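A short worksheet on the structure shown next.
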There are 2 protein chains.
Amino acid sequence: MARVNKTRYALLGILAHSPMNAYEVKKSIEQSIGFFWQESFGQIYPILKQLEKEGCLKSFKEKKGSGSETTIYKITSKGKKELKDWLEKPVEKSPYRNELLLKLYFGDHVQKEVLIKHLQDTREEVIRLMGIYENIRKFVEELGESKAPTTLSLITLDFGITTTKSFLEWAETSQNKIKNSNF
Amino acid sequence: MARVNKTRYALLGILAHSPMNAYEVKKSIEQSIGFFWQESFGQIYPILKQLEKEGCLKSFKEKKGSGSETTIYKITSKGKKELKDWLEKPVEKSPYRNELLLKLYFGDHVQKEVLIKHLQDTREEVIRLMGIYENIRKFVEELGESKAPTTLSLITLDFGITTTKSFLEWAETSQNKIKNSNF
DNA sequence: CGTGTCATGTAATCAGTTACATGATTCA
DNA sequence: TGAATCATGTAACTGATTACATGACACG
């Protein structure tokens with residue numbers, strides 16, 4: 001299960017949209033795919049350099065208004081091919097770990113209230129996320145009507161919304177089941 | 001986000017149910033919490049030893065019918081306390097990565113058929129999982145009526161079932177959206 | 001007798017986060 | 001002037017998988 005490095009593809013994918021510096025790549029990831037994909041600077045900087053060495057990216061210095069320079073990365077045709085080849089490969093399944101479920105499963109060692117609290121906290125957290133998703137959804141919908149990239153980003157966003165909804169239903173039901181159980 | 005080692009708690013939780021050897025711990029994890037939590041031997045063996053050194057587990061040799069010995073681990077009262085303390089702590093959120101969504105988000109670089117295929121493959125994979133969940137559910141339901149540990153394992157199982165169902169709906173809808181989009 | 005499962009471990013490797021370090025620019 | 005953000009990196013650490021190695025026992 002999933003040993004290969006996929007950070008490179010996330011970076012290529014982001015840079016395929018538009019050239020930018022490492023710092024902006026991080027921001028861009030957070031704002032677009034952040035709810036299902038994260039990258040840290042400790043990965044981004046070295047891997048961008050490595051991708052350039054491989055010829056997948058080309059960097060150049062750009063002067064910002066006030067003298068200071070920044071390193072902009074631009075995807076090359078080789079980089080685009082690399083990205084496309086990966087996109088066409090089957091999705092590898094990656095390990096999935098859920099700490100809430102682990103605590104619930106072993107929950108007979110604690111008071112019921114503890115488990116109900118864990119479920120409640122998680123509900124509140126995902127409700128917060130749900131709000132963010134729906135705001136982004138509105139924003140994207142208004143922005144570009146029926147454009148393909150818009151369609152795809154809405155699809156990923158809808159994944160977040162639907163799984164969140166089903167999580168909330170499950171969590172509420174589970175809280176009630178625990179309340180009514182005898183332990 | 002999530003830097004602490006939780007393998008120890010998974011092992012303690014499993015051994016809190018009944019004493020067993022490392023090999024059986026692995027099997028037991030696979031059969032009970034396997035769909036949301038995995039552990040490899042490379043983690044299990046060293047961490048069991050470490051837990052014993054800390055006094056959370058006590059090991060003893062047991063002779064199997066045919067002369068050979070095996071090392072059985074049993075949880076101690078200190079181990080139970082360690083588990084309970086962790087169970088009471090708030091659930092830490094861990095990084096979530098979804099490769100299918102990543103490929104969909106960058107999907108405008110490939111043919112629509114590729115994305116539809118990825119969704120189809122994943123649907124088939126989760127349908128297979130769904131079958132397993134529902135079989136376990138039947139089995140657990142028949143086994144123990146209204147026992148607390150049963151309630152809790154059914155709750156975790158229902159998480160699998162409900163999220164799988166909502167995934168399937170989303171995936172089908174998304175396939176249609178992609179079919180009808182212009183790219 | 002050979003294959004599969006039981007059983008126990010270690011070493012190499014890797015992906016990834018976090019902390020640390022540094023400095024420029026912006027803006028209240 | 002001081003805080004926030006922009007910007008670029010490296011080092012340490014760690015969690016985890018995978019591969020490797022070994023051997024007993026079961027069973028057809």
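The structure presented is a predicted model; accordingly, all values stated were derived computationally and were not measured. Order of the sequence lines sets the chain letters (A, B, ...), proteins ahead of strands, with each chain counted from 1.
Using a 4.0 Å heavy-atom distance criterion, A:K27 is classed as a sugar-phosphate-only contact.
Distance NZ (A:K63) to C1' (C:dT25): 18 Å, rounded to an integer number of Å. Distance A:L48 CG to D:dG9 P: 9 Å, rounded to the nearest Å. What separates CZ of B:F41 from P of C:dT5 is a distance of 13 Å, to the nearest Å. Per the geometry, CD belonging to B:Q43 stands 10 Å off C1' belonging to D:dT14, to the nearest Å. For the pair A:I29 CD1 and C:dG16 C1', the computed distance is 13 Å after rounding to whole Å. As rounded to whole Å, 13 Å separates atom C1' of C:dG16 from atom CG of A:L11.
Nearest-nucleotide positions on DNA chain C place B:E69 closer to the 5' end than the other of B:E69 and B:R97.
Regarding contacts with the backbone of D:dT8, every side-chain N or O of A:K49 stays at 4.0 angstrom or more from both OP1 and OP2. Residue A:S40 places none of its side-chain N or O atoms closer than 4.0 Å to OP1 or OP2 of C:dT18. Taking only side-chain nitrogens and oxygens, A:N21 comes nearer than 4.0 Å to OP1 or OP2 of D:dT8. Dashed line: the shortest gap from a side-chain N or O of A:T70 to OP1 or OP2 of D:dC6 is not under 4.0 Å. For B:T7, a side-chain nitrogen or oxygen approaches OP1 or OP2 of D:dA16 to under 4.0 Å.
Side chains of B:K63 and B:S68: no donor on one and acceptor on the other come within 3.5 Å.
Rounded to the nearest 0.5 Å, atoms CD (B:E62) and CD1 (B:I72) are 4.5 Å apart.
Proximity note for B:Y23 (side chain, C-beta onward) versus C:dC6, C:dT25, D:dT8: the nearest is C:dC6.
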